[in-house]
2 protein chains.
Amino acid sequence: MDSKQIGNLLQNIPDSDSIMRMAAVFQALQSETRLKILFLLRQKEMCVCEFEQVLSVTQSAISHGLRTLSQLDLVRVRREGKFTIYYIADEHFRTLIEMCLEHVEEKHEL
Amino acid sequence: MDSKQIGNLLQNIPDSDSIMRMAAVFQALQSETRLKILFLLRQKEMCVCEFEQVLSVTQSAISHGLRTLSQLDLVRVRREGKFTIYYIADEHFRTLIEMCLEHVEEKHEL
DNA sequence: TGAATATATGAACAAACGTTCACATATCAA
DNA sequence: TTGATATGTGAACGTTTGTTCATATATTCA
């Protein structure tokens, strides 16, 4: 492999910032708790105390998980009186979640 | 939220095994080195010594990274004499990689 | 055979992670 | 105001991660 080809290969991968951003997103998706949060949010907007009823982790763990997701702008927040309501940030990301779901459901049919 | 609705929400998230599998895949995609490996493999099949010329990590790190990816069946291996050639496992996964690429390129245009 | 090249692997270690605990803050209702 | 409910946050802790180093294995070629 000559240096020309090496340069070519390197030019066709995302730049360092993009790679870092992607790594950060995937690492947020790597936690089972956060994945469950997202598959719940896919169904409806939810506040922390609702997650608490569904997931078997502490309120603190949920809160930390949601913070990770919202720092990456994968979920967003709306305050409604006593409650803090979380929802999927955009249709782009919702599509990704739906794709994951389709994918696992497909595997189940084999 | 009544217990009926809780049950409903839980029924519509992937089962525990699927969640675990997904978490494992995302966790493989969370490493910058492994992401770079995949964006290179998207362009052409490669052996370890070629990765070595392109990436600035040790041969050992590349080998470990490739093992992680192939254990999850995201990349596959073919022996060719002295060389071990790695390639993207299937079109399904290739599509995912292409989607990531499109996504970051799109962001760049803003 | 022996030297060179290509790859794999296990141990080690620092860094990062996810959870819980304890506590702080905020909002509502009385 | 006070008590109850909802949520956020930092520290702590055990666990897992990614890399490197050292070494082992495998293949080719002379």
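Lettering follows sequence order; numbering is per chain, from 1.
Residues B:Ser18 and B:Asp15 are in side-chain contact: their nearest non-hydrogen atoms beyond the backbone lie under 4.5 Å apart. Using a 4.5 Å cut-off on side-chain heavy atoms (C-beta onward), A:Thr68 and A:Leu74 make no contact.
The stretch residues 25-33 of chain B has no heavy atom under 4.0 angstrom from DNA chain C at all.
Remark: the backbone N or O of B:Glu91 is paired with a side-chain donor or acceptor of B:Thr95 at under 3.5 angstrom.
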Contact state string [nucleotides 2-10 of chain C, B base, S sugar-phosphate only, - no protein heavy atom under 4.0 Å]: ---SSBBBB

Review item, side-chain donor-acceptor pairs of residues 3-14 of chain A, under 3.5 Å, at least two apart:
{"residue": "A:Asn12", "atom": "ND2", "partner": "A:Asn8", "partner atom": "O", "Å": "3.0"}

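The distance between atom CD1 of A:Ile62 and atom P of C:dC21, rounded to the nearest whole Å, is 14 Å. In this entry the distance linking CE of A:Met20 with C1' of C:dA16 reads 14 Å, nearest Å.
Listed by chain and number, the residues in a salt bridge (charged side-chain N to carboxylate O under 4.0 Å, His left out) with B:Glu45 are B:Arg78 (sequence neighbours excluded).
Membership of an apolar cluster is not assigned to B:Met20, as no side-chain contact below 4.5 Å to another ILVMFWY residue is traced.
Mapping A:Thr58 and A:Glu80 onto DNA chain C via the closest heavy atom, the residue that lands nearer the 5' end is A:Thr58.
Pairs engaging residues 24-59 of chain B under the ring pair (Phe, Tyr, Trp, His ring centres under 6.0 Å) rule: A:Phe26-B:Phe26 [sequence neighbours left out].
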